Amino acid sequence: MILVTGGAGYIGSHVVRDLADRGYSVIVIDNLTTGHIEAVDKRAIFIRGDAGDPKLLDLIFKTYSIQAVMHFAASCLVGESVVHPLKYYQNNVVETVRLLQKMTEYQIKHFIFSSTCATYGIPNQSTIDEKLPTHPINPYGKSKLMIETMLNSISASADFNYIALRYFNVAGAHPSGEVGEDHDPETHLIPNILRHLQGKSSYIEIWGNDYATSDGTCIRDYIHVTDLSAGHILALEYLLKNQGRKTAEIFNLGNEHGVSVLEMIHLCEQVAGAKANVKIQPRRKGDPPQLVASSQKIRTVLGWAPRYDIISTIETAWNWHRKHPNGYN
Ligand code: UDP
């Protein structure tokens, strides 16, 4: 049995579905503050609650034989983390400490952690590999780096194995169109553009066009959520296969291809066959100018490779938004 925290969220719900497709039994904990019950695969057991709730974890760890924990539950908005930092240290750091305490108490040894490229800060290299120093510039990235640091310490002191996956910008939707991205409020670039192109807003805002990039807008590396999910399954199988051998690894997960905000607007226009109305706004606090992955390490060690390019990623997102113009509700 695999415990998935945050399994009702955008990424967690895709991974739960892929785990169930591969025959894993899954139990989901999610407090549904941002997740959607409709997104949880019916094959999974669902429990509503906080990922660090000690009573709930006692119940789960006593009742089920948990092979590994995949920890998605978190607050994950860069801009919000600058305005409400304590929310990030509470929901990300404190809740994870509680979860890890219970895992060590019940000797659950395998942990897969949703980390982020926001741990790197403003890198001095055009593509980022895992050896680059980490200097996060926003509380979101700092909170995730604190958890990576804790994982490293626990693995040095106990029989505990982990893989931290540093996500770049996750995008797209399940090819079935049944699960996808639904945040309220929506702050992410691709859903904001597509919702605008559906006529749900009168313009799309560009947060800063004075960065030192090719067209002045921020560059990000967009990875399809299904490719990201495949990375988690490979990570899980690596941990389970290497029982008895210490695993403490960090892998980037990105497509190794940078797309600027302006380029993304043009690509979305192309997929949707509609023209966007653009409004330039000041920079958003906490945004690094460019984040592009080297995913060489996960390719080499886990044999991971992405299957979606940027156009097919936008196409699956567009399919989801057209099928679900109001999200899950
Ligand atoms: N962005 C933008 N307008 C929007 C949403 C995002 O200009 O409506 C920019 C944002 O400032 C960043 C990039 O698009 O440079 C990706 O932002 P997103 O919030 O999707 O992901 P993040 O990089 O913060 O994880």
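As the structure is a prediction and not an experimental result, all values here were calculated from the model. Every number for a ligand or one of its atoms is a count from 1 in the order of the listing. What you see below is based on every heavy atom in this structure, not just the backbone, and it leaves out hydrogens, waters and symmetry mates. Counting from 1, the numbers follow the sequence of the chain as shown.
The backbone and the side chain of Leu189 each have at least one atom closer than 4.0 Å to an atom of ligand 1 (non-hydrogen atoms only). The side chain of Tyr222, and not its backbone, has at least one atom closer than 4.0 Å to an atom of ligand 1 (non-hydrogen atoms only; side chain from C-beta on). Contact annotation for Leu77 and ligand 1: no heavy atom of the residue comes within less than 4.0 Å of the ligand. The parts of His188 lying near ligand 1 are both backbone and side chain, judged by heavy-atom distances below 4.0 Å.
Judged purely by atom type and a 3.5 angstrom limit, Gln107 has no side-chain atom pairing as donor or acceptor with the backbone of Lys109. Judged purely by atom type and a 3.5 angstrom limit, Asn255 has no side-chain atom pairing as donor or acceptor with the backbone of His257. For Asp221 (side chain) and Val292 (main-chain N/O), no donor-acceptor pair under 3.5 Å exists by modelled atom type. For Lys323 (side chain) and Ser176 (main-chain N/O), a donor-acceptor pair under 3.5 Å exists by modelled atom type.
Of all atoms in ligand 1, numbered sequentially from 1 with element shown, those under 4.0 Å from a heavy atom of Thr187 are 5 (C), 6 (C), 19 (O). Numbered from 1 in the order shown, with element, the atoms of ligand 1 that lie under 4.0 Å from a heavy atom of Glu205 read 2 (C), 3 (N), 4 (C), 7 (O), 8 (O). Within ligand 1, the atoms closer than 4.0 Å to a non-hydrogen atom of Ile206 are 7 (O), numbered from 1 in the order shown. Close contacts between ligand 1 and Val78 involve ligand atoms 24 (O) [criterion: under 4.0 Å to a heavy atom].
For atom 19 (O) of ligand 1, the closest non-hydrogen atom of the protein is Arg284 NH1, 3.3 Å. Of the protein's non-hydrogen atoms, the one nearest atom 1 (N) of ligand 1 is Trp207 CE3, 3.5 Å. Summary of contacts: the protein heavy atom closest to atom 15 (O) of ligand 1 is Cys218 CB, 3.0 Å. Here the protein heavy atom with the shortest distance to atom 9 (C) of ligand 1 is Val261 CG2, 3.8 Å. The nearest protein atom to atom 21 (O) of ligand 1, hydrogens excluded, is given as Asn169 ND2, 3.1 Å; this is a heavy-atom distance. For atom 8 (O) of ligand 1, the closest heavy atom belonging to the protein is Asn192 ND2, 3.0 Å.
For Lys102, the NZ atom counts as densely surrounded, since its 6.0 Å shell holds more than 12 non-hydrogen atoms of other residues, nucleotides or ligands.
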What do the steps show when you test Glu205 against Lys279 for salt bridge (charged side-chain N to carboxylate O under 4.0 Å, His left out), and what is the final call?
CA-CA 5 Å; Glu205 295 171 298; Lys279 190 164 179 176; over 6 Å; no
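Relative to atom 10 (C) of ligand 1, the option among Thr116, Val278, Leu262, Asp287 with the closest non-hydrogen atom is Asp287.
The one candidate from Val278, Leu267, Val271, Ile204 that meets the side chain to side chain contact (heavy atoms under 4.5 Å, CB included) condition with Ile193 is Ile204. A ring pair (Phe, Tyr, Trp, His ring centres under 6.0 Å) with His232 is found for one member of Tyr238, Phe113, Phe111, Tyr167 and no other, namely Tyr167.
Ring centers of Tyr10 and His14: under 6.0 Å apart, within the cut-off.
When side chains are defined from C-beta on, His174 counts as touching Asp18, because their heavy atoms get closer than 4.5 Å.
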